[in-house]
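Beneath this line is the structure, given in structure tokens, with notes to follow.
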2 protein chains.
Amino acid sequence: MTRRPTILDVAALAGVSKSTVSLVLQNSTQVKAETRDAVRAAMIEIGYVYNRAAAQMRSPSAGLVGLVINDLRNPFFTEFATVLQMTLAAKGYATVIANSDEDADLQAKLVGSMIEHGVSALVVSPAYGDGGDAFDQIERAGIPAMQVLRKTDPRTGLFPFSSFDYAAGSARATRHLMNQGAQRIAFVGGLEGRAITEERKSGYLAEIKRAGAEPFSLHGRSSRGFGLDAVDQLPDDVDAAVCFNDLVALGMLSGFARIGRNLGQDFRLVGFDDIEDCAQVWPQLSSVACDIDGFARATADGLLAWMRDGVTPPPEHRAPVELIARTSSTGRMP
Amino acid sequence: MTRRPTILDVAALAGVSKSTVSLVLQNSTQVKAETRDAVRAAMIEIGYVYNRAAAQMRSPSAGLVGLVINDLRNPFFTEFATVLQMTLAAKGYATVIANSDEDADLQAKLVGSMIEHGVSALVVSPAYGDGGDAFDQIERAGIPAMQVLRKTDPRTGLFPFSSFDYAAGSARATRHLMNQGAQRIAFVGGLEGRAITEERKSGYLAEIKRAGAEPFSLHGRSSRGFGLDAVDQLPDDVDAAVCFNDLVALGMLSGFARIGRNLGQDFRLVGFDDIEDCAQVWPQLSSVACDIDGFARATADGLLAWMRDGVTPPPEHRAPVELIARTSSTGRMP
DNA sequence: GCTTGGAATTGGAACGTTCCAGATTTAGCG
DNA sequence: CGCTAAATCTGGAACGTTCCAATTCCAAGC
């Protein structure tokens with residue numbers, strides 16, 4: 001097997017200089033159309049593949065974006081990652097996706113590895129815990145980086161934070177349940193003390209307080225399993241719940257099926273995130289919809305503007321959310 | 001902002017030559033311990049970050065593995081991708097994950113981009129359709145590459161194929177349903193004509209034929225939505241089903257909840273893949289378990305052996321599967 | 001003190017691209 | 001036809017690392 005062809009080989013075959021080939025590679029306007037075509041033809045004939053490492057050495061702009069996600073198995077994050085990756089791919093950027101699995105140390109390692117690989121920007125949905133290491137590395141490297149969906153680095157402006165207006169969402173859900181006639185509403189799921197839990201809960205608490213009612217909350221892992229068990233631990237007078245996320249709500253939905261309670265009538269339930277499953281279970285699950293696809297696209301666009309034109313995104317941004325009322329809270333069949 | 005430090009700067013500070021620094025970088029045994037420590041200290045002091053692009057230029061071994069997945073939103077693939085990435089990360093390899101979204105053209109683009117980025121190996125779960133472009137590119141680049149979970153490139157040996165023994169799994173599931181007393185068993189889900197559908201169905205057909213029974217199948221998208229609707233389209237005498245995958249089965253499970261049929265008694269259901277949700281819905285869903293984590297780890301190990309030691313994996317490998325019987329088919333509560 | 005051989009270190013070349021400054025060609029115009 | 005300006009093209013130099021062959025260092029043995 002022979003050595004990979006380089007632009008030198010292409011140049012020789014096309015009868016031009018390597019500089020011209022380089023210009024063609026960069027779609028420069030200052031090369032004549034017929035020369036360009038000749039060079040392109042030579043590339044194909046010779047089976048040339050671009051050597052990004054060499055290019056990157058000379059001028060460090062990799063066309064590579066790093067994406068570190070705390071829990072890639074969670075459909076919410078998967079959706080985000082997928083759409084972000086595809087949007088960036090459409091603009092010619094490759095995306096390195098990695099899963100930190102809620103491990104701050106692993107997260108730091110992944111970030112380090114990505115920086116070594118020369119990513120030109122990073123998007124991080126940070127793991128809980130001290131993300132200091134990771135963010136310090138990014139700061140030293142001087143790379144544009146955003147915190148999305150979660151914020152663990154407190155310095156404002158350095159790593160712009162972008163997420164959804166969760167508090168407004170849970171407030172909206174709580175009011176909706178009250179309007180449906182719920183007497184006592186619980187908040188279920190999310191690990192206590194964590195920023196997102198508190199944020200999603202804050203809207204609930206505000207509305208409960210405004211109505212002069214008594215709050216009740218049950219905290220734990222944000223999984224179906226937790227939701228499944230949670231139904232047994234609710235006080236008897238609780239007849240509605242706002243869940244930390246859809247996984248918990250879907251778990252509870254299965255839990256009510258188990259104990260034979262009729263969701264949407266005996267009990268009213270609202271999830272959070274509106275993942276695809278919500279409309280595909282029975283009864284259909286009401287949920288606070290976050291437009292992840294739109295959010296991911298906006299993130300990609302903001303990042304591109306930052307990388308290419310130096311336009312720093314606003315230090316903090318919250319995308320609006322929307323309540324999707326379905327059977328599990330209204331009792332009405334679709 | 002000043003220029004990034006290089007090994008030259010580190011060398012100057014540590015009072016050694018660049019070659020020595022390079023040796024330290026590679027954990028060479030032939031550098032004295034105290035020199036090594038001095039160099040390491042200098043690196044930290046000066047804030048040195050390794051420039052992989054430069055290294056890669058000189059000796060092309062990127063420590064980068066490409067992973068192209070046909071549908072990253074499917075939990076089955078997400079799990080595989082996640083574990084593969086984490087296993088490789090533990091061995092010092094970064095993974096570029098990309099989603100082709102069942103688009104063969106996009107898949108070819110992604111593969112091309114990864115090759116440009118200098119991946120030292122590729123793992124592809126190919127999109128349906130003509131993956132020729134993608135695989136031809138890989139062949140030209142001469143990179144180790146595996147087809148996993150799906151096979152679209154027919155050439156044997158070039159791109160070793162590794163998957164699960166689906167036929168044995170569906171046969172096992174079908175026998176299990178018969179043993180449970182099912183009278184008429186259907187096969188539900190999967191797009192007709194596709195290799196995996198046929199494979200998963202073949203075990204079912206073989207067992208049905210062996211029992212002298214009449215097969216019945218319902219094909220379509222492998223989603224919860226399809227399963228949800230499928231329950232309305234089953235003939236009345238069908239009292240059990242083997243599903244193409246868990247998503248379809250979970251959809252059917254919701255469908256039976258909707259029409260108030262008692263799963264595990266009126267109807268017996270087995271899914272395929274044993275995704276996490278199976279044990280977290282009600283009733284719990286029986287499923288043919290594929291040990292994805294083990295499979296992903298084995299894939300990573302095989303790939304590493306191939307990359308590092310030139311050990312080609314067997315051209316075709318099928319990992320065993322296991323039936324996990326739960327309430328949806330046995331009627332027994334856990 | 002001198003030799004010896006292994007351990008430790010070193011300088012230079014090479015990798016394939018981009019960028020720059022200049023060189024060459026082409027086109028337009030009096 | 002000669003001049004100028006614009007359009008095109010080109011030959012180094014540079015990027016930061018690794019690899020190789022060569023050199024220096026050091027301790028042990030005589």
Side-chain angles (χ1 to χ4, degrees), chain A residues 2-40 42-43 46-64 92 113 115-120 141-142, chain B residues 1-40 42-43 46-64 92 113 115-120 141:
Chain A
T2 174
R3 167 187 71 78
R4 264 198 190 186
T6 76
I7 51 168
L8 245 41
D9 303 311
V10 175
L13 181 62
V16 297
S17 78
K18 61 175 170 44
S19 305
T20 305
V21 177
S22 176
L23 289 173
V24 170
L25 245 15
Q26 297 164 77
N27 293 316
S28 164
T29 54
Q30 62 167 323
V31 36
K32 224 193 314 180
E34 58 193 275
T35 313
R36 171 166 43 73
D37 295 342
V39 170
R40 293 248 169 86
M43 284 181 183
I46 212 172
Y48 170 76
V49 284
Y50 185 62
N51 183 333
R52 235 171 243 268
Q56 195 182 333
M57 245 201 80
R58 188 62 176 85
S59 62
S61 86
L64 230 201
S113 161
I115 291 174
E116 281 183 7
H117 276 287
V119 294
S120 21
Chain B
M1 195 178 93
T2 174
R3 163 187 74 80
R4 263 200 192 185
T6 74
I7 52 168
L8 246 39
D9 302 312
V10 175
L13 181 61
V16 296
S17 78
K18 61 175 172 43
S19 304
T20 305
V21 178
S22 176
L23 289 173
V24 171
L25 245 16
Q26 297 163 78
N27 293 315
S28 165
T29 54
Q30 61 168 323
V31 36
K32 225 193 318 181
E34 58 193 275
T35 313
R36 169 166 43 72
D37 294 343
V39 170
R40 293 249 169 87
M43 284 181 182
I46 212 173
Y48 170 76
V49 283
Y50 185 62
N51 183 333
R52 233 172 243 268
Q56 194 182 334
M57 245 202 81
R58 189 62 177 84
S59 63
S61 86
L64 229 203
S113 161
I115 291 174
E116 281 183 4
H117 276 287
V119 294
S120 18

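Note on naming: letters A, B, ... go to the chains in the order of the sequence lines (proteins, then strands), and numbering restarts at 1 for each one. Just so it is clear, the values below take in all heavy atoms, side chains as well, and ignore hydrogens, waters and symmetry mates. The structure displayed is predicted, hence computed values, not measured ones.
Shown for residues 10-20 of chain A: residues whose heavy atoms fall under 4.0 angstrom of DNA chain D, namely A/Val16, A/Ser17, A/Lys18, A/Ser19, A/Thr20.
The two residues B/Leu64 and B/His117 come nearest to each other via the heavy atoms CD1-O, 3.8 Å. A/Tyr48 approaches A/Pro5 most closely through the heavy-atom pair CD1-O, 3.6 Å. Minimum interatomic distance between B/Val24 and B/Arg36 (heavy atoms only, all atoms of both residues): CG2-CA, 4.1 Å. Annotation for B/Ala14 and B/Ala38: closest pair CB-O, 4.2 Å, computed over non-hydrogen atoms.
A straight line from CG of B/Leu25 to C1' of D/dC19 spans 14 Å, rounded to a whole angstrom. Between the CD atom of B/Gln30 and the C1' atom of D/dC20 there is a distance of 11 Å, rounded to whole Å.
Residues B/Met43 and B/Leu25 are in side-chain contact: their nearest non-hydrogen atoms beyond the backbone lie under 4.5 Å apart.
Applying the side chain to side chain contact (heavy atoms under 4.5 Å, CB included) test between A/Val21 and each of A/Leu8, A/Ile7, A/Asp9, A/Leu13 identifies A/Ile7 as the sole match. The only member of B/Arg58, B/Arg52, B/Met57, B/Gln56 that meets side chain to side chain contact (heavy atoms under 4.5 Å, CB included) when paired with A/Met57 is B/Met57. Here the rule is side chain to side chain contact (heavy atoms under 4.5 Å, CB included) with B/Val16, and of B/Val31, B/Val10, B/Thr35 only B/Thr35 fits it.
Toward the 5′ end of DNA chain C lies the nearest nucleotide of A/Ser22, the other residue of the pair A/Lys32 and A/Ser22 mapping further downstream. DNA chain C is contacted by both B/Val31 and B/Met57; B/Val31 maps to the nucleotide lying nearer its 5′ end (nearest heavy atom per residue).
Residue B/Thr6 is classed as a sugar-phosphate contact, given heavy-atom separations below 4.0 Å to backbone atoms only.
You can see that DNA chain C meets the heavy atoms of chain B within a 4.0 Å-exclusive cut from C/dA8 to C/dG16, reading 5' to 3'.
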